[in-house]
Amino acid sequence: MPPIRTSAALPTRWCLLARGVAGGLVAVLISAEGTEMQRIQVSATELGVFVAELELAESPRWVWASTADLYPGLLAAGVKVARCHDLRLCHQILSNSAFVTEPGPLMAASHWVSDASVPEPSTPGRFPTLFDIEAPAVTQHAPESVDEAVSEFARQREAVKSSTEPGRLSLLLAAESVGALVAAELSSAGIPWDTAEHDRILSEALGPRPATYDAKPAKLAAAGTAVREALRDPNAALDSPPKLLRALRAAGIDVASTSQWELAEHTHPALAPLLTYKKLARLLSANGWAWLDEWVHDGRYRPVYVPGGVVTGRWASSGGGALQLPRQLRPALRADPGWKLIMADVSQLEPRVLAAISGDEAMARAGRGRDLYSGIVESGSIESRADAKLAMLGAMYGATSGDSGRLVPRLRRVFPAAMRLVDEAASIGERGGTVSTWLGRSSPPAEPEWREVQSAASLPGATRRDEDVARRTARDRGRFTRNFVVQGTAAEWALAWLGEIRRRLTSFPPVSEAQAAYASGPGFSRVPHLAFFLHDEIIVHAPEEHAEAVAEIVRESADTAGRILFGHTPVDFRLDLRVADRAATE
DNA sequence: CGGGGAGGCGCC
DNA sequence: AAAAGGCGCCTCCCCG
């Protein structure tokens, strides 16, 4: 590995890492002016040391095809980086953004848009090591050449520079990229998981753990028996919706489906035990002992997060359903001895984001320093907090009927600016147009099939049915774009929050080896680290002595995130924040 | 026998 | 199609 040539006059601003021809990697040092200064061959075994040294010396922004490919291996070697530019994620944003004026060259490089597939750990719970960087199984993307990566990066910088909103797009790309770093770090650190507590919750609900996975736990079996007795049908099948539906109807229960909401509207002695049965069966199959055995190892649950996995910019997850963990199991999320969990979620994030992007002063005031829904009640337009929440969700999701739809017009009177913004977003979507988040992530274009349905309805021979279908699909799309601007901007706020927390957590000195968390990844066991993220909530795992300082960082980072996105805004972003040993059920 | 859709339900 | 957006994942069941 040749020495790195850098100087104070021309420091390295970016270091691009791409796969070379011989299976190793090539590092390309680029100055702030965009001048390529040096190319260095780096073998896979040298990579960790190379990155660690350059990070320490110059802290460049690392540019690579995919964080999900490269970073887990570095983390496994204990190497962290402060900043990166994820070419794949940024390409995805730029190639679709309405802020980008000349998307031509980016669109052409279609291989930068891979599907959202991420490298799965080859065995559940096991995370790739540095060695895996070379393994083809982990490299699911076409191996782009160094030159291709360099020119893609240049095109992306040009696309931002020539866009209508370079400032916002730069922020978005940085936020998306830091999100990718956080995602990999969350998997590396893992969620501290109390297996005994999880087992206790399962045993209490379902009865003792059966000897095999297919055996029904006692309380589940008992609920099933109670249902069959009440139905007077000893052979009723409960796990198959079609069969269950027939059994219910045979017993005189007039339902069209077997879903909970519909069962709740009828009275019959079979229904209470049936709802119990469904709850228990769900717990067992989704998060039962099999889940525990598959996903929790050495006191850590390590899901795979997929940044940008949702069109709106939210993260998706893969493996164990990390974003759908039932509240019931939250107590199993527990700090290591001598450590604490700092848990925070944002109160009414999406409504506050809507108030900020629409500049709705009244809405900002309703939430200022208090629960936003209570603020709406105090303003006198809606009687109860529950109704205020229902109305707000209806406004953001596009409810037209039912309790929610009935309440929405009241919000239109008190928050005209906010409602105008979402109504306009819906109207654009219904007409087949594109909407964008605050920082410039744009909704996908209307599908050709969607356009065909619309034009078919306006042809001379169109039937009533054609028109109905067109109207319905237009409204479906309107509800999507209505929600897109709010959900997508909320995701951007959350990325800014995450990135700021992450940045500020690096200021803590490591605790002693004796105080180390016993199973966090090599880079995390002695310092406060993010352990969980769920759209608008985070959990930091921190040594007890740092817990209060971390809490303050989490709070301040929420204010900073608001300023990063919206500058001076009357909207505040309030947190519910708790420091404890374990997450509570509430 | 595996893939994929539907029903259903967990999270925000 | 539960009045309303975004997901993942389980089981069942049909199909090739």
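Residue numbering restarts at 1 for every chain, and letters A, B, ... go by the order of the sequence lines. Hydrogens, waters and symmetry mates are skipped; everything else that's a heavy atom, side chains included, is used.
- When the salt bridge (charged side-chain N to carboxylate O under 4.0 Å, His left out) test is applied to A:D423, the partners found at least two apart in sequence or on another chain are A:R412, A:R482.
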Nucleotide N/O of nucleotides 8-12 of chain C paired with protein N/O under 3.5 Å:
from   : atom 1 : to     : atom 2 : distance (Å)
C:dG8  : O4'    : A:Q324 : OE1    : 3.3
C:dG8  : O4'    : A:Q324 : NE2    : 2.9
C:dG8  : N3     : A:Q324 : NE2    : 3.0
C:dC9  : OP1    : A:G319 : N      : 2.5
C:dC12 : O3'    : A:S240 : OG     : 3.0

>> Expected output check: what is the dot-bracket annotation of DNA chain C, where ( ) and [ ] are pairs inside the strand (brackets for crossing ones), | is paired with another strand, and pairs are Watson-Crick or G-U under 3.5 Å?
In response: ....||||||||||||
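- At a non-hydrogen distance threshold of 4.0 Å, A:T258, A:S259, A:Q260 from residues 258-269 of chain A come into contact with DNA chain B.
- Looking at residues 385-406 of chain A, you'll see that no heavy atom sits under 4.0 Å from any atom of DNA chain B.
- Within 4.0 Å (heavy atoms only), A:L349 reaches no atom of the nucleic acid at all.
- Between A:W291 and A:Y301, the gap from one ring centroid to the other is short of 6.0 Å.
- A centroid separation of less than 6.0 Å is found between the aromatic rings of A:W438 and A:F566.
- Chain A approaches DNA chain B within less than 4.0 angstrom (heavy atoms of the protein), and the contacting nucleotides run 5' to 3' from B:dG7 to B:dC12.
- Here, C:dC9 and C:dA3 have their C1' atoms 26 Å apart, quoted to the whole Å.
- At a threshold of 4.0 angstrom between heavy atoms, the contacts of A:V311 are confined to the sugar-phosphate backbone, with no base atom among them.
- Across all strands shown, A:R479 has heavy atoms under 4.0 Å from sugar-phosphate atoms exclusively, and none from any base.
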